[in-house]
Amino acid sequence: TNTGSGNVAFDIWLTDTSNPTTFSAPPITHEIMIWIDRQGNLAPGGIFTERANLDCSTYAVYVADHWGDGWKNIAFVSAESLLGAGMLDLSSFLSYLKEKNLVTGDEYLASIEFGNEVATGTGETIVTRYAISIQNK
């Protein structure tokens with residue numbers, strides 16, 4: 001049982017270069033979060049823009065133009081908990097971002113992460129299997 005406030009989310013980072021230097025992080029252009037669960041009153045950064053139906057679920061979409069070190073932050077917050085066994089088709093989210101001109105399509109994938117952001121309280125998330133499959137289209 002979780003107490004407090006937090007989320008369980010995928011965090012996708014985009015960059016503007018295909019060949020970052022070896023000793024520094026790539027220049028981040030976008031942080032794309034897909035919240036599959038939310039506890040308490042934790043709210044995403046940015047401004048609510050609309051509701052979108054993606055990958056068979058409804059998400060509230062939030063956008064912040066200058067987040068962190070100046071990148072664009074986009075958060076998709078699921079209307080219901082999506083915890084449990086299942087798959088998430090990221091291509092529907094990326095297509096949405098391109099259609100809404102939130103990305104140009106010239107960005108490069110830096111990483112795909114999954115985990116919790118805990119603001120207050122305690123809890124436990126157990127991941128028994130995590131796999132990513134990338135297909136060129």
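Note: the hydrophobic cluster containing Met33 does not contain Leu94 (ILVMFWY, side chain heavy atoms under 4.5 Å, direct or indirect links). Hydrophobic clustering, with ILVMFWY side chains joined whenever heavy atoms are under 4.5 angstrom apart, groups Tyr59 together with Ile12. A continuous path of Ile, Leu, Val, Met, Phe, Trp and Tyr side chains, each step under 4.5 Å between heavy atoms, connects Val63 with Ile34, placing both in one hydrophobic cluster.
Taking all atoms of both residues into account, the shortest heavy-atom contact from Glu113 to Ser111 is OE2-OG, 3.2 Å. Closest approach of Val127 and Phe114 over heavy atoms only: CG2-CE2, 3.8 Å. Taking all atoms of both residues into account, the shortest heavy-atom contact from Tyr130 to Ile132 is OH-CD1, 3.4 Å. Across Trp67 and Ala64, no two heavy atoms sit closer than the pair CE3-CB, 3.6 Å.
Taking the salt bridge (charged side-chain N to carboxylate O under 4.0 Å, His left out) definition, one finds that Asp65 meets it with Lys72, sequence neighbours left out. Considering only residues two or more places apart in sequence or on other chains, Ser95 meets the side-chain hydrogen bond (donor to acceptor under 3.5 Å, both in side chains) condition with none of them. Glu107 pairs by the side-chain hydrogen bond (donor to acceptor under 3.5 Å, both in side chains) definition with Thr104, not counting sequence neighbours.
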* To do: Could you walk me through whether Ser57 and Asp55 pass side chain to side chain donor-acceptor pair (under 3.5 Å), step by step?
  => CA-CA 6 Å; Ser57 295; Asp55 197 30; over 6 Å; no

* CA sep, side-chain torsions, deciding dist, call: Asn116, Thr125, side chain to side chain donor-acceptor pair (under 3.5 Å) -> CA-CA 8 Å; Asn116 300 93; Thr125 300; 3.0 Å; yes

* Test Thr58 against Asn53 for side chain to side chain donor-acceptor pair (under 3.5 Å), laying out the working first. => CA-CA 4 Å; Thr58 301; Asn53 293 314; 2.6 Å; yes

Report all side-chain donor-acceptor pairs from residues 42-51 shorter than 3.5 Å, counting only partners two or more places apart or in another chain.
residue	atom	partner	partner atom	Å
Thr49	OG1	Val61	O	3.1
Glu50	OE2	Tyr96	OH	2.4
Glu50	OE2	Lys100	NZ	3.3

Cut-off 3.5 Å, no hydrogens considered: what does the side-chain donor-acceptor table look like for residues 73-82, sequence neighbours left out?
residue	atom	partner	partner atom	Å
Asn73	ND2	Glu31	OE1	2.8
Ser78	OG	Glu80	N	3.2
Ser78	OG	Glu80	O	2.5
Ser81	OG	Asp37	OD1	2.7
Ser81	OG	Leu83	N	3.4

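Side-chain contact between Val8 and Glu117 is absent, with no heavy-atom pair separated by less than 4.5 Å. Using a 4.5 Å cut-off on side-chain heavy atoms (C-beta onward), Ile28 and Leu14 make no contact. Between Ile112 and Leu90, the closest side-chain pair of non-hydrogen atoms falls below 4.5 Å. Counting only heavy atoms from C-beta outward, the side chains of Leu97 and Ile32 approach each other to under 4.5 Å. Looking only at side-chain heavy atoms (C-beta outward), Asn7 and Ile36 stay at 4.5 Å or farther from each other.
Grouping Ile, Leu, Val, Met, Phe, Trp and Tyr residues whose side-chain heavy atoms lie under 4.5 Å apart, directly or via other members, leaves Val118 alone, with no other cluster members.
Looking at Thr15 and Thr29, their side chains never bring a donor and an acceptor atom within 3.5 Å of each other.
For the pair Thr120 (side chain) and Ser5 (backbone), a donor-acceptor distance under 3.5 Å is present.
Ring pair Phe10/Phe93: centre-to-centre distance not below 6.0 Å.
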